[in-house]
Trainee: 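To start, I am sharing the structure in question, which I have written as structure tokens.
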Amino acid sequence: MPQLKDIKNWNVEIETEITNSWKQKEQFKFNPKTKKKIYSIDTPPPYINSPIHMGHAVTYCFMDFFARFRRMKGEEVLFPLGLDRNGLPIEMAAEKKYKVSPFKIGREKFVEYCEKLLSESSAESIDSFAKLGISFSSYKEGTDIGAIYNTDSPEYRTLTQWTFIDLYKKGLIYEDSRINNWDPKLRTTIADSEIERKEKETDFNYVKFKVKETGKYITIATTRPELLCTAVLIIYNPKDNRYKDLKGKTAIVPIFNIEIPILEHEDADPDFGSGIAYMSSSGGDQDAVRFLRKMGIKPVSPIGIDGLMNEKAGFLEGLKTDDARKKIIEEIKNKNLMEKQEKMIHSVPISERSKAEIEFIEMPEFYLKQMDYKKDIKKISKDINFYPKASKKILDSWIESVSIDWPISRRRYYATPVPLWYSENLIALAPQGKYIEPWRQDPPKDAEVIDAETKKSKGTVKDFPSNKWKGEERVLDTWFDSSISELNMLQYHKDDEFFKKAYPASLRPQGKEIVRTWLYYTVLRGFLETGKACFTDTWIHQHILDEKGRKMSKSVGNIIDPQEILKEDGAEALRLWAATEGDLSKGDFTCSKDKIKAERKTLNKLLNVSKFVMMFHKPSKKPAITKLDQLFIDHIENLTSEVDKLYLIYDFNHPAQDLRKFLWDTLASNYIELVKNRAYNEEDKFTDDESASAKYTLHFLLERLLTLLYPIIPQITSLIAKEKGIDLLTIEWPKPTPTTNNQQLITSLAEFNSQIWKTKKEKGISLRDSIKGIKIPKELSEFEKDLKACHKI
RNA sequence: GAGUCCGUAGGCUAAUGGCAGACCCUCUCGCUUACACCGAGAUGACCCAAGUUCGAUCCUUGGCGGACUCACCA
């Protein structure tokens, strides 16, 4: 390690040396046998196929602040790094990189490509985290508690399947065929939480329908005329007097000539379109889907799983929905049934992952019951402390808006398989505790067999030797894996004793944008498994924006790459900036390279203050402390107490600002200036005791400052402290002893000093020269000797 | 369309029913037995309107503007 005196400026080379040694020594290893209180952080696993972005960098810095502080507070910190390797992002990356489609090359081959992609991804992120100085429990992959884990590891997937079977047996998971959100590009069902919206211009077509009984025409406006083939009924609002005479009559669907009833229904909005709407049994949008559910109409979809029109669409069969729409509009116009067309902008649901427009297609899928537990979830979420408090509203409002059970099965490939087999009217359940891939594996002999209808146990696979079993091909939603991350971290069903001791997890740190997915699903799953709230605390953070306050995105080209910052300015500057810039739980903050660079000044100031203090030997015995010195000792004791309180509630922003202010203003500009002469004591103006008091206090203040700053800037502080024989990595957090002494005097001192410096400047006297005619204020009279020596009064 | 949060110097922020404090930038001056990546100092701000109040940047209402969440048109 470099010596302090050899370091002119804090730099990246020193950081590399320190962080490398931390990484190699496994310095922050978790001890599962500990008697200390366990503090566990359920970190959000980043996807490994892309390098970490600024948001990752900053939020992991915050998690590291929390972890290092809790270690100092005497807690055993479990702080694992997870790597997300499951699901659609990996599949989409594989499709792109190797230019393959799973629909063409088949599942087996495609999974191999996914595995190939993953093995070639170098997990660059691990290196970036190490350089940031993140004190993960381990930097080695493995199955030890606290080791780096992969979300696609057999161990993790085993637990996912364990919980699936468990919930399935309890009847909380069921299969049902419903209209659901269908992503035609990825060819899978997706949940409401995976939907985004996009503004789109479409034609609003006013189409004429003939009324059978009267022969008159009515006009119905629609954006989706291609769904006319599955029209089932027509509604108008009961309050709408224009259409009263239509009640109970029959309409004939143009082109397809289907006869459908006309009824009154309050879902029809008299002010929208013509006031009459046709309802298609294929849904068409989420509202319509809900309407069908309400009316108990069996859904029939004219759209196939490939997103193309199917045989139910008649002459439109085989066309993409867009083309089908064009064709039928043409047809309607030819038959003179188009009254008019308007352009309208409406927002269409699109898939968050593929950005494809969602279709509503009926598919049998597995569902996890959640509607029955809305009240419970709301209740137990009260047991979780939200930081900031207001972020609880995001969760509450989502819980309220949950309207259907959670569809958990997906028709994709690189994810945890649904662990079931089928044979005639029997279902085989995978044994719990082993990772199983039914799509390419026969059921083990000891797999339990149940009746598909009654769900009653029929023995095991052994008992049905002549049956042929067909493995389930569907996989589970990635959130079904992710929503048990804390159970996995705490060894659920792996190490019961440990789980009992450590559950619930201490902290869930995560972004506000995944409250409705990750947080909500985790609370739900945690409740279903344990009946309790799964976290003690949750810290919800906002976003890092670019210099102008815009979202950073590749397409705008405004990305600030943390890897670059690490190379140029180093981790400590980045961390200090992250802490001082703002309160990430309160609002977004903008990222500017200049500001990060500017934090290097503070690092160098700390370095120089330390060098200065260490020019003096620390007295081996505590000397009698002068009044001036005691004033500053009291000050930092109060500061300690304040910092302690705020760190505990995840506020590192105010402490960081206060500590920086202490370093620059209180310590460097005022205290050091005041006691310099006394510490040197070259002219023997002071007694040895007085001089010793100054030396002792300089060291005391520095040591305390380093300790308080350590969670934020661990490298520079621990390096300096080491030279003083203190190991900040293992030192205990100081017990704050706040005083009620008059801290106002520090302000008065600073004001007085400033006054003298100003006066000297105005008179053109060098600061070193003596000055006459200055009266020391009464309240500061007890510091007269120091003040006179300092200012040469 | 509904809800939540927010609007303070050129930028980013803090506190506050009476005086609005830092930081970065800019400007001026300086060189002091740790530090020129330094020191001292200066300029500069409460979105608008109404109400409550002796007094509002702060509380209330409305408007304008922004961020986010939810919903969304047959």
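Labels below follow one simple rule: chain letters A, B, ... track the order of the sequence lines, proteins then strands, and each chain is numbered from 1. Both backbone and side-chain heavy atoms feed into the values below; hydrogens, waters and symmetry mates do not.
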Trainee: Ignoring the backbone of A:Phe204, work out which of B:A74, B:A34, B:U4 is nearest its side chain.
Mentor: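 Shortest atom-to-atom distance from the side chain points to B:A74.
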
Trainee: Does a salt bridge link A:Glu226 with A:Arg224, judged by any charged N lying under 4.0 Å from a carboxylate O?
Mentor: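 Yes, A:Glu226 and A:Arg224 are salt-bridged.
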
Trainee: Would you check if A:Trp539 and A:Ile649 make a side-chain contact, meaning some heavy-atom pair closer than 4.5 Å?
Mentor: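 Side-chain contact under 4.5 Å: no.
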
Trainee: Write down the distance between CG (A:Asp203) and C1' (B:A74), rounded to a whole number of angstrom.
Mentor: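 Answer to the nearest Å: 15 Å.
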
Trainee: Using every non-hydrogen atom in the two residues, find where A:Ser381 and A:Phe386 come nearest and quote the distance to one decimal.
Mentor: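 Shortest heavy-atom separation between A:Ser381 and A:Phe386 comes out as O-CE1, 3.7 Å.
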
Trainee: If I pick the C1' atom on B:C19 and the same atom on B:A56, what distance separates them, to the nearest angstrom?
Mentor: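 So the two C1' atoms sit 14 Å from each other.
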
Trainee: If the C1' atom of B:C27 is compared with that of B:G17, how far apart are they to the nearest Å?
Mentor: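 Taking atom C1' in both B:C27 and B:G17, they lie 36 Å apart.
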
Trainee: Could you check how far CG of A:Leu663 sits from P of B:A22, rounded to whole Å?
Mentor: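 Rounded to whole Å, this separation is 17 Å.
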
Trainee: Grab the stems for RNA chain B, please: at least three consecutive Watson-Crick or wobble pairs, both distances below 3.5 Å, written as range with range.
Mentor: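 Detected stem regions: B:1-7 with B:64-70, B:26-30 with B:38-42, B:47-51 with B:59-63.
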
Trainee: Does a side-chain N-to-carboxylate-O contact under 4.0 Å join A:Arg660 and A:Glu599?
Mentor: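 Looking at A:Arg660 and A:Glu599, the cut-off is met.
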
Trainee: May I have the distance from A:Leu395 (atom CG) to B:C68 (atom C1'), rounded to whole angstrom?
Mentor: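 The distance from CG of A:Leu395 to C1' of B:C68 comes to 16 Å, rounded to the nearest Å.
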
Trainee: When you get a sec, tell me which of B:A15, B:U69, B:U13 is the closest nucleotide to the side chain of A:Gln657?
Mentor: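 The answer is B:U13, which lies nearest to the side chain.
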
Trainee: Checking A:Lys378 now: which residues fulfil salt bridge (charged side-chain N to carboxylate O under 4.0 Å, His left out) with it, not counting sequence neighbours?
Mentor: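 Applying salt bridge (charged side-chain N to carboxylate O under 4.0 Å, His left out) to A:Lys378 gives A:Glu400.
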
Trainee: With rounding to whole Å, what would you report as the distance between B:U52 and B:U60 at their P atoms?
Mentor: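 B:U52 and B:U60 have their P atoms separated by 16 Å.
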
Trainee: Between B:C46 and B:G7, how far is it from one C1' atom to the other, in whole Å?
Mentor: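 Roughly 10 Å separates the two C1' atoms.
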
Trainee: Take A:Asp665 and A:Glu673, find for each the nucleotide of RNA chain B with the closest heavy atom, and name the residue whose nucleotide sits nearer the 5' end.
Mentor: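 Going by which nucleotide is closer to the 5' end, it is A:Asp665.
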
Trainee: Distance check needed: B:A14 P versus A:Phe652 CZ, whole Å only.
Mentor: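 Whole-Å distance recorded here is 18 Å.
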
Trainee: What is the distance, rounded to the nearest whole Å, between atom CG of A:Asn677 and atom P of B:A34?
Mentor: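 Roughly 10 Å, once rounded to whole Å.
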
Trainee: Which listed nucleotide (B:U69, B:A15, B:A34) is nearest to the side chain of A:Arg516?
Mentor: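 Comparing B:U69, B:A15, B:A34 against the side chain of A:Arg516, the answer is B:U69.
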
Trainee: Would you say A:Lys595 places a side-chain N or O within less than 4.0 Å of OP1 or OP2 belonging to B:C12?
Mentor: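 No, no such contact exists.
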
Trainee: Determine the contact category for A:Ala598: base if any of its heavy atoms lies under 4.0 Å from a base atom, sugar-phosphate if only primed atoms, P, OP1 or OP2 are that close, otherwise nothing.
Mentor: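 Nothing: the residue A:Ala598, judged by heavy atoms under 4.0 Å, touches no strand.
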
Trainee: In Å, rounded to the nearest 0.5 Å, how long is the span from CG of A:Leu702 to CZ of A:Phe612?
Mentor: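 Between atom CG of A:Leu702 and atom CZ of A:Phe612 there are 11.5 Å.
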
Trainee: Whole Å only: how far is the CG atom of A:Leu228 from the P atom of B:A74?
Mentor: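 Checked: the CG to P distance equals 13 Å.
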
Trainee: Which atom pairs link the protein and nucleotides 37-39 of chain B when you take only N or O atoms and keep those under 3.5 Å?
Mentor:
from: B:C37; atom 1: O2; to: A:Asn604; atom 2: ND2; distance (Å): 2.7
from: B:C37; atom 1: N3; to: A:Asn9; atom 2: OD1; distance (Å): 3.2
from: B:C37; atom 1: N3; to: A:Asn604; atom 2: ND2; distance (Å): 3.1
from: B:C37; atom 1: N4; to: A:Asn9; atom 2: OD1; distance (Å): 3.0
from: B:C37; atom 1: N4; to: A:Asn9; atom 2: ND2; distance (Å): 2.0

Trainee: Taking only Lys NZ, Arg NE, NH1 and NH2, and the carboxylate oxygens of Asp or Glu, determine whether A:Asp629 and A:Arg678 approach each other closer than 4.0 Å.
Mentor: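 Looking at A:Asp629 and A:Arg678, the cut-off is met.
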
Trainee: Round to the nearest Å and state the distance from A:Glu599 atom CD to B:A22 atom P.
Mentor: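 Taking atom P of B:A22 as the reference, CD of A:Glu599 is at 18 Å.
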
Trainee: Just checking, is any N or O donor in the side chain of A:Glu342 or A:Tyr206 under 3.5 Å from an acceptor N or O on the other one?
Mentor: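 Indeed, the side chains of A:Glu342 and A:Tyr206 share at least one donor-acceptor pair under 3.5 Å.
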
Trainee: Would one find a side-chain N or O of A:Arg660 under 4.0 angstrom from OP1 or OP2 of B:A22?
Mentor: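 So the side chain of A:Arg660 is outside the cut-off, no N or O lying under 4.0 Å from OP1 or OP2 of B:A22.
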
Trainee: Using the C1' atom in both, what is the distance from B:A45 to B:U4, to the nearest Å?
Mentor: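 One C1' to the other, the span is 27 Å.
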
Trainee: Can you tell me the distance, in whole Å, between the CG atom of A:Asp396 and the P atom of B:C5?
Mentor: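 From A:Asp396 CG to B:C5 P: 13 Å.
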
Trainee: Could A:Arg508 and A:Trp518 be counted as a cation-pi pair, given that NZ or CZ must be under 6.0 Å from the ring centre and within 45° of the axis?
Mentor: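 Judged by the rule, A:Arg508 and A:Trp518 form a cation-pi pair.
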
Trainee: For atom C1', what is the distance between B:A50 and B:A15, given to the nearest Å?
Mentor: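 It comes out at 27 Å once rounded to the nearest Å.
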
Trainee: Planes under 30° and centres closer than 5.5 Å, is that true for A:Tyr680 with the base of B:U33?
Mentor: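 Taking the rule of under 5.5 Å and under 30°, the ring of A:Tyr680 does stack on B:U33.
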
Trainee: Considering only side-chain heavy atoms of A:Lys512, which listed nucleotide, B:C68, B:U33, B:A74, is closest?
Mentor: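 Closest nucleotide to the A:Lys512 side chain: B:C68.
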
Trainee: Within the 4.0 Å heavy-atom criterion, would you say A:Ile276 contacts the bases, only the backbone, or no part of the nucleic acid?
Mentor: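 A:Ile276: base contact, heavy atoms under 4.0 Å.
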
Trainee: Other residues, nucleotides and ligands only: do more than 12 of their heavy atoms fall within 6.0 Å of CD on A:Glu568?
Mentor: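 More than 12 within 6.0 Å, yes.
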
Trainee: Any side-chain donor-acceptor pair under 3.5 Å between A:Tyr520 and A:Gln370?
Mentor: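 Short answer, yes.
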
Trainee: Need to verify one output field. Residue with the more 5' nearest nucleotide on RNA chain B, A:Glu682 or A:Ser754?
Mentor: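 Checking each residue's closest nucleotide, the 5'-ward one belongs to A:Glu682.
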
Trainee: Using the C1' atoms only, state how far B:C24 lies from B:A14, rounded to an integer number of Å.
Mentor: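 Approximately 15 Å lies between the C1' atom of B:A14 and that of B:C24.
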
Trainee: What integer number of Å spans the C1' atoms of B:A20 and B:G62?
Mentor: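 Rounded to whole Å, the distance is 26 Å.
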
